[in-house]
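Along the sequence shown, residues are numbered consecutively beginning with 1.
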Amino acid sequence: MTPAQIESVKDTLTINKVRSRSTLRRNLPRLTDAQKAFILKNLQAAREEAIDAGAMTEKSAFFKKYKIKIEAYLTAQGYDVKESYREFVANKKRMLRQEGGNRTAG
């Protein structure tokens, strides 16, 4: 298997949590390369621990532990992670409402 295929299998075994957590990076577009690397490194570490867990709740617990670590790091770097997430959710809801309105109008 290629390294990319191995990554894909690992992601599948942990319901793509590493990939889905990339929304954090979209919420904070000013992240430096070093900050992005820190996030990815920690998500991959969580995935490595979570792979061996049985139930999805166990897998999620590993990711939660690392999410807290990532958020603490970003907060120390001057980001307001919780506010960024609120803005992301509000923007997503607004886009969905607009898309829904466009479908009914056409």
Side-chain angles (χ1 to χ4, degrees):
M1 290 181 90
T2 68
Q5 289 171 321
I6 292 169
E7 287 291 307
S8 179
V9 169
K10 288 179 178 182
D11 282 340
T12 299
L13 291 172
T14 55
I15 62 165
N16 294 315
K17 287 211 181 242
V18 170
R19 201 171 327 158
S20 66
R21 295 273 188 223
S22 68
T23 58
L24 179 62
R25 292 185 0 199
R26 284 190 300 246
N27 293 348
L28 303 166
R30 298 180 328 270
L31 291 173
T32 66
D33 288 342
Q35 292 165 334
K36 291 175 187 177
F38 179 88
I39 292 168
L40 181 59
K41 177 183 161 195
N42 279 276
L43 291 175
Q44 289 172 331
R47 181 183 63 196
E48 290 302 316
E49 290 185 37
I51 283 175
D52 294 331
M56 194 49 61
T57 54
E58 292 176 66
K59 292 179 190 296
S60 292
F62 286 111
F63 282 94
K64 179 146 179 110
K65 177 177 86 170
Y66 282 90
K67 177 184 175 217
I68 291 167
K69 182 177 178 179
I70 291 167
E71 287 178 355
Y73 167 80
L74 291 173
T75 298
Q77 298 280 311
Y79 291 95
D80 186 341
V81 177
K82 295 193 185 311
E83 180 58 28
S84 294
Y85 183 73
R86 279 191 287 274
E87 290 173 7
F88 172 77
V89 169
N91 289 336
K92 185 112 175 149
K93 286 179 180 178
R94 187 172 38 258
M95 285 175 38
L96 289 172
R97 280 194 305 272
Q98 289 173 348
E99 287 175 9
N102 289 341
R103 283 188 210 139
T104 57

Residues which pass side chain to side chain donor-acceptor pair (under 3.5 Å) with Lys65, listed by chain and number, not counting sequence neighbours: Glu49

Contacts of type side chain to side chain contact (heavy atoms under 4.5 Å, CB included), residue Thr32, not counting sequence neighbours: Ala34, Gln35

OG1-CG distance between Thr14 and Asn16, expressed to the nearest 0.5 angstrom: 7.0 Å

Over all atoms of both residues, closest heavy-atom pair of Glu71 and Val81: CG-CG1, 3.7 Å

CG-NZ distance between Leu74 and Lys82, expressed to the nearest 0.5 angstrom: 11.5 Å

Connected via hydrophobic side-chain network under 4.5 Å: Val9 and Ile51: yes

Asp52 CG to Glu58 CD distance, which is reported to the nearest 0.5 Å: 10.5 Å

Partners passing salt bridge (Lys or Arg N to Asp or Glu O under 4.0 Å) against Lys93 (at least two apart in sequence or in another chain): none

Same cluster (ILVMFWY, side-chain, under 4.5 Å), Tyr73 and Tyr85: no

Crowding at OH, Tyr79 (>12 non-hydrogen neighbours, <6.0 Å): yes

Rounded distance (nearest 0.5 Å) linking atom CD of Glu87 with atom CG of Asp80: 8.0 Å

Path from Val18 to Tyr66 over hydrophobic side-chain contacts below 4.5 Å: no

For a quick test of your reading: what N or O donor-acceptor pairs under 3.5 Å do the side chains of residues 40-47 make, sequence neighbours left out?
from: Asn42; atom 1: OD1; to: Lys69; atom 2: NZ; distance (Å): 3.4
from: Asn42; atom 1: ND2; to: Phe38; atom 2: O; distance (Å): 2.8
from: Arg47; atom 1: NH1; to: Glu7; atom 2: OE1; distance (Å): 3.1
from: Arg47; atom 1: NH1; to: Asp11; atom 2: OD1; distance (Å): 2.7
from: Arg47; atom 1: NH2; to: Glu7; atom 2: OE1; distance (Å): 2.8
from: Arg47; atom 1: NH2; to: Glu7; atom 2: OE2; distance (Å): 3.1

Residues forming a side chain to side chain contact (heavy atoms under 4.5 Å, CB included) with Ser84, sequence neighbours excluded: Asn27, Leu28

Partners meeting side chain to side chain donor-acceptor pair (under 3.5 Å) with Thr12 (sequence neighbours left out): none

Results of side chain to side chain contact (heavy atoms under 4.5 Å, CB included) for Ile6 - residues two or more places apart only: Met1, Lys10

Minimal non-hydrogen separation, Lys59 against Gly54, with atom names: CE-O, 4.0 Å

Hydrophobic cluster (4.5 angstrom, side-chain heavy atoms) - remaining members for Phe62: none

With Thr2 via side chain to side chain donor-acceptor pair (under 3.5 Å) - residues at least two apart: Gln5

